[in-house]
Amino acid sequence: MGEADADRRLGRRALLVGGAAAAVGTAVLARDELSRLWWRLPDVEKPRVAGAVDFRGARWVAASAANYRRADRPADYPVDRVVVHVTQGGYASAVSAFRDPSHGAAAHYIVRGDGRITQLIRELDVAFHAGNREYNERSVGIEHEGFVTDASSFTDAMYASSARLTAAICRRYGIPADRTHVIGHVEVPGTDHTDPGPHWDWERYIRLVRRARA
């Protein structure tokens, strides 16, 4: 067998091996895509543990299913934002609103003035909190008890607790702890909200988030 024939055979073998590898790779990609699509079909859900929380120590209170959409994040939607909100009211009224199916909105978490954290929607799911579908799909929403016009709403305990929560979310999804990725509701395109307002200390908050993340 001449060198030219050997080269041709080696070339055909490499082509066959390469084609098989490509086919395997394509099959794996197709399987992963089908898996993602499967969990997004109506009435098909991944198993959930009732009352499970994503942040250790959070209290679970379920929001109305009308105020969020079941999902499998970050498999179907990458999570790359944290959106900071203010409830414009007390903790109890915010929880009541998020449990009301006619309200049409809810955040993943509420942080009380005393630092207590309540989770109402799993991070897997898309909460209707930002008023912008794309931002809803890619973000975790955190409400804070209080009023945008009342600086006393934002206590030391609230800042510390919320910063630990945001740091945990940033670690989980590889989100940079900066003002590009940790934003206020007012910064969401198309919103008419002003929260967290002028009294929210962003410099302090980001410093606390970075310290907690480290």
| field | Non-neighbouring partners of D178 that pass salt bridge (Lys or Arg N to Asp or Glu O under 4.0 Å), sequence neighbours left out | value | none
| message | According to side-chain hydrogen bond (donor to acceptor under 3.5 Å, both in side chains), who are the partners of R116, at least two apart in sequence or on a separate chain? | response | none
| Residues in salt bridge (Lys or Arg N to Asp or Glu O under 4.0 Å) contact with D156, at least two apart in sequence or another chain | R204
| task | Quick one: list whatever passes side chain to side chain contact (heavy atoms under 4.5 Å, CB included) with P189, sequence neighbours left out. | result | N132, Y135
| task | Flag the pair I142 / V111 as yes when at least one side-chain heavy-atom distance between them is below 4.5 Å, and no otherwise. | result | yes
| field | Closest non-hydrogen atom pair between R213 and I175, with its separation | value | NH1-O, 2.6 Å
| Which pair of non-hydrogen atoms, one from F98 and one from A106, has the smallest distance, and what is that distance? | CD2-CA, 3.5 Å
| message | Let me confirm one number: the OG1-CZ distance from T87 to R112, rounded to the nearest 0.5 Å. | response | 12.5 Å
| request: Please collect all ring-ring contact (aromatic ring centres under 6.0 Å, His included) contacts where either partner lies in residues 142-163, sequence neighbours excluded, each pair once. | output: H144-W200, F154-W200, Y159-W200
| said: Let me confirm one number: the NE2-CD distance from H193 to E187, rounded to the nearest 0.5 Å. | reply: 14.5 Å
| Within-4.5 Å side-chain heavy-atom neighbours: R48 and L124 | yes
| query | Less than 4.5 Å apart, any side-chain heavy atom of V82 and any of I183? | reply | no
| note | In this structure, OG1 of T118 is separated from NE2 of H108 (nearest 0.5 Å) by 14.5 Å
| query | Does some side-chain heavy atom of R207 sit less than 4.5 Å from a side-chain heavy atom of V209? | reply | no
| query | At what distance, to the nearest 0.5 angstrom, does OG of S153 lie from CE of M158? | reply | 7.0 Å
| query | Within the distance-only criterion (no hydrogens, no angle test), does the side chain of D195 pair as donor or acceptor with the backbone N or O of H185 below 3.5 angstrom? | reply | no
| Sequence neighbours excluded, every pair satisfying ring-ring contact (aromatic ring centres under 6.0 Å, His included) that has a member inside residues 163-184 | none
| query | Under the 3.5 angstrom rule, does the side chain of R73 hit a backbone N or O of V79 as a donor-acceptor pair? | reply | no
| Audit row: H85, V83, side-chain contact (heavy atoms from CB on, under 4.5 Å) steps and yes/no | CA-CA 6 Å; H85 302 261; V83 180; 3.4 Å; yes
| Which residues share a salt bridge (Lys or Arg N to Asp or Glu O under 4.0 Å) with R133, sequence neighbours left out | E137
| note | Heavy-atom closest pair (A107 atom, L120 atom, distance to 0.1 Å) is O-CB, 4.0 Å
| query | Under a 4.5 Å side-chain heavy-atom rule over Ile, Leu, Val, Met, Phe, Trp and Tyr, are V140 and V84 clustered together? | reply | yes
| query | Just by distance, do the side chain of S93 and the backbone of G90 share a donor-acceptor pair under 3.5 Å? | reply | yes
| Picking from I121, D125, V126, what satisfies side-chain contact (heavy atoms from CB on, under 4.5 Å) with R69? | V126
| query | Would L165 end up clustered with Y91 when hydrophobic side chains under 4.5 Å apart are linked, directly or stepwise? | reply | no
| field | Any Y109 side-chain heavy atom under 4.5 Å of I169 side chain | value | yes
| Under a 4.5 Å side-chain heavy-atom rule over Ile, Leu, Val, Met, Phe, Trp and Tyr, are V186 and V188 clustered together? | no
| message | Restricting to side chain to side chain contact (heavy atoms under 4.5 Å, CB included), what partner residues turn up for A66, sequence neighbours left out? | response | S64, P101
| said: If hydrophobic residues (ILVMFWY) are linked whenever their side-chain heavy atoms come closer than 4.5 Å, directly or via other members, who joins W60 in its cluster? | reply: V53
| Do V61 and R59 have side chains that get closer than 4.5 Å, going by heavy atoms? | yes
| field | ring-ring contact (aromatic ring centres under 6.0 Å, His included) against Y68, all qualifying residues, sequence neighbours excluded | value | none
| Minimum heavy-atom separation for P196 to G184, with atom names? | CD-CA, 3.6 Å
| request: Output all residues satisfying side-chain hydrogen bond (donor to acceptor under 3.5 Å, both in side chains) with R122, sequence neighbours left out; order by chain, then residue number. | output: D54
| task | Would you please test V148 and H199 for side-chain contact (heavy atoms from CB on, under 4.5 Å) and show each step? | result | CA-CA 7 Å; V148 297; H199 299 298; over 6 Å; no
| request: For the residue pair R138 and Y77, establish whether any side-chain heavy-atom pair is separated by less than 4.5 Å. | output: no
| Smallest separation among heavy atoms of S139 and H129, with atom names | OG-NE2, 3.0 Å
| So, S162 versus Y205: side-chain donor-acceptor pair below 3.5 Å or not? | yes
| field | Partner set under salt bridge (Lys or Arg N to Asp or Glu O under 4.0 Å) for R172, not counting sequence neighbours | value | E123
| message | If you compare all heavy atoms of V182 against all heavy atoms of C170, which two are closest, and at what distance to 0.1 Å? | response | CG2-SG, 4.3 Å
